[in-house]
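Heads up: the structure comes next, in structure tokens.
Atom set for the values below is all heavy atoms of this structure, side chains included, hydrogens, waters and symmetry mates excluded.
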Amino acid sequence: MRIIISPAKGMREDLDTLPPDGLPVFLPETKRLLAALRALSPAQLQKLWRCNDAIAALNVDRLRTMELERRLTPALLSYVGIQYQTMAPGVMERGQYEFLQEHLRILSGFYGLLRPFDGVTPYRLEMQAKLAVDGCRDLYAFWDGRLARALAGEAQWVLDLASREYSRAVLPHLPASLPVVTCVFGELRPDGKVAEKGTLCKMARGEMVRWLASEGITSRSQLPAFQGLGYRFCRERSTDCRLIFLRSKETKL
């Protein structure tokens, strides 16, 4: 099993908690992306990043001093978004870290595919950014089938807990013979449709990753037992490759 999740926009440098274990497998590609970013003006970068002046200034400075092979933070501890806050990797036990290093893969517009303890440095580059590199119009074209081939080479099946922006970089390129299970976390609307809400989805994905690591879950048949944050598996709306988890609007976190 390989679990795929999205990164977070917010990142930090943590040189003290745990050391990184290795470098990202697609570091040569990352170096090409870094060169392409450094070739842009601050105004072009801010347009690419779609951010305010303060965030743009921070990341322009990061680009100027960025090193890809020293002063690195394990990827799992570097991201600080809602999904990672809920996952709470900073207070995990050794067995959970070992499980995640084996089974979890973080998708990244900048690094491609990360193991949890690959050493990274803070960056800003979303997968949907319109960055032209090596004759490719954007990052989806740049990464093409690279990430899918890497996953397919090590997985018997894939658990998709990534946002559509990131899963789109992988799922269309996977071989049809490789099973993929996607989890949907939502609420039932009055019209009978399932509505996904961004913050709650991110929290549920982080909670599920933590649950998988705590329980050592590696079988598809065990996934419906997840009950974090008030979500319950809905068998009637699920299929073998799309598992629906619903929560009541009245459920308190």
Side-chain angles (χ1 to χ4, degrees), residues 1-9 11-15 18-38 62-63 66-79 81 83-84 87 89 96-129 131 133-136 138-163 165-175 177-180 209 212-213 218:
M1 174 186 74
R2 291 296 180 269
I3 311 157
I4 56 172
I5 62 172
S6 305
K9 291 181 184 178
M11 297 186 72
R12 65 178 179 181
E13 186 179 75
D14 182 350
L15 306 179
L18 289 168
D21 181 12
L23 295 171
V25 66
F26 290 110
L27 197 58
E29 288 82 357
T30 300
K31 290 178 179 178
R32 300 211 299 273
L33 292 173
L34 177 57
L37 289 170
R38 282 176 168 168
R62 281 175 172 173
L63 276 179
M66 185 176 289
E67 296 184 72
L68 299 177
E69 298 186 44
R70 63 183 299 272
R71 293 187 60 83
L72 304 178
T73 301
L76 189 66
L77 303 180
S78 183
Y79 296 108
Q83 176 181 224
Y84 292 84
M87 195 191 309
Q96 292 170 294
Y97 289 136
E98 291 174 348
F99 178 94
L100 293 180
Q101 181 71 354
E102 173 67 21
H103 297 288
L104 182 68
R105 297 295 179 264
I106 303 168
L107 304 177
S108 164
F110 190 57
Y111 283 106
L113 194 68
L114 291 165
R115 295 165 299 180
F117 282 88
D118 283 347
V120 302
T121 192
Y123 66 91
R124 187 178 180 93
L125 188 65
E126 296 177 70
M127 187 65 79
Q128 61 187 356
L131 179 65
V133 185
D134 293 353
C136 301
D138 57 23
L139 294 178
Y140 293 111
F142 174 77
W143 289 113
D144 194 30
R146 289 186 180 99
L147 311 185
R149 287 193 293 271
L151 272 177
E154 63 178 13
Q156 295 182 332
W157 67 283
V158 173
L159 176 57
D160 172 24
L161 294 178
S163 65
E165 173 192 346
Y166 283 90
S167 62
R168 175 185 159 195
V170 173
L171 300 189
H173 303 285
L174 290 174
S177 58
L178 183 65
V180 176
V209 171
L212 293 166
T218 58

Between [X] and [Y], is any pair of side-chain heavy atoms under 4.5 Å apart?
| X | Y | result |
| --- | --- | --- |
| L161 | I4 | no |
| R105 | P116 | yes |
| T73 | L15 | yes |
| V170 | D160 | no |
| L159 | R2 | no |
| L125 | L139 | yes |
| I5 | Q83 | yes |
| L72 | L23 | yes |

- Task: Decide salt bridge (charged side-chain N to carboxylate O under 4.0 Å, His left out) for R62 and E67; before the verdict, give the C-alpha distance in whole Å, the side-chain angles of both, and the deciding distance to 0.1 Å.
- Result: CA-CA 9 Å; R62 281 175 172 173; E67 296 184 72; over 6 Å; no
For the backbone of [Y] and the side chain of [X], can you confirm whether one donor and one acceptor N or O come within less than 3.5 Å of each other?
| X | Y | answer |
| --- | --- | --- |
| Y79 | I106 | no |
| S6 | S163 | yes |
| R115 | E102 | no |
| Q101 | F117 | yes |
| T121 | M66 | no |
| Y84 | L77 | no |
| S108 | L113 | no |

- Task: For R71, look at atom CZ and say whether over 12 heavy atoms of other residues, nucleotides or ligands are found less than 6.0 Å away.
- Result: no
- Message: If you count heavy atoms of other groups shown closer than 6.0 angstrom to CD of E154, is the number above 12?
- Response: yes
Return the [atom1] to [atom2] distance between [X] and [Y], rounded to the nearest 0.5 Å.
| X | Y | atom1 | atom2 | result |
| --- | --- | --- | --- | --- |
| L212 | H103 | CG | NE2 | 9.5 Å |
| R12 | S78 | CZ | OG | 8.0 Å |
| L104 | F99 | CG | CZ | 9.0 Å |

If I compare all heavy atoms of [X] with all of [Y], which pair ends up nearest, and what's the gap?
| X | Y | value |
| --- | --- | --- |
| P175 | A152 | CD-CB, 3.9 Å |
| P172 | S167 | CD-O, 3.8 Å |
| R32 | D134 | NE-OD2, 2.5 Å |

Run the side-chain donor-acceptor check on residues 140-147: report pairs under 3.5 Å with partners two or more places apart or on a different chain.
residue: Y140; atom: OH; partner: E165; partner atom: O; Å: 2.6
residue: W143; atom: NE1; partner: G109; partner atom: O; Å: 3.0
residue: R146; atom: NH1; partner: F142; partner atom: O; Å: 2.2

- Determine, step by step, whether E126 and K9 satisfy the side chain to side chain contact (heavy atoms under 4.5 Å, CB included) criterion, reporting the C-alpha distance in whole Å, the side-chain angles of both residues, the deciding distance to 0.1 Å, and the verdict. CA-CA 8 Å; E126 296 177 70; K9 291 181 184 178; 3.3 Å; yes
- Give a yes or no on whether the ring-centroid distance for F26 and Y111 is below 6.0 angstrom. no
- Message: Using side chain to side chain contact (heavy atoms under 4.5 Å, CB included), reason through L171 and V180 one step at a time and then give a plain yes or no.
- Response: CA-CA 8 Å; L171 300 189; V180 176; 3.9 Å; yes
- Message: Set out, in order, the CA-CA distance, both residues' side-chain angles and the distance that settles side chain to side chain contact (heavy atoms under 4.5 Å, CB included) for L27 and E69, then state yes or no.
- Response: CA-CA 9 Å; L27 197 58; E69 298 186 44; 3.9 Å; yes
- Run the numbers on L131 and D138 for side chain to side chain contact (heavy atoms under 4.5 Å, CB included), then give the verdict. CA-CA 5 Å; L131 179 65; D138 57 23; over 6 Å; no
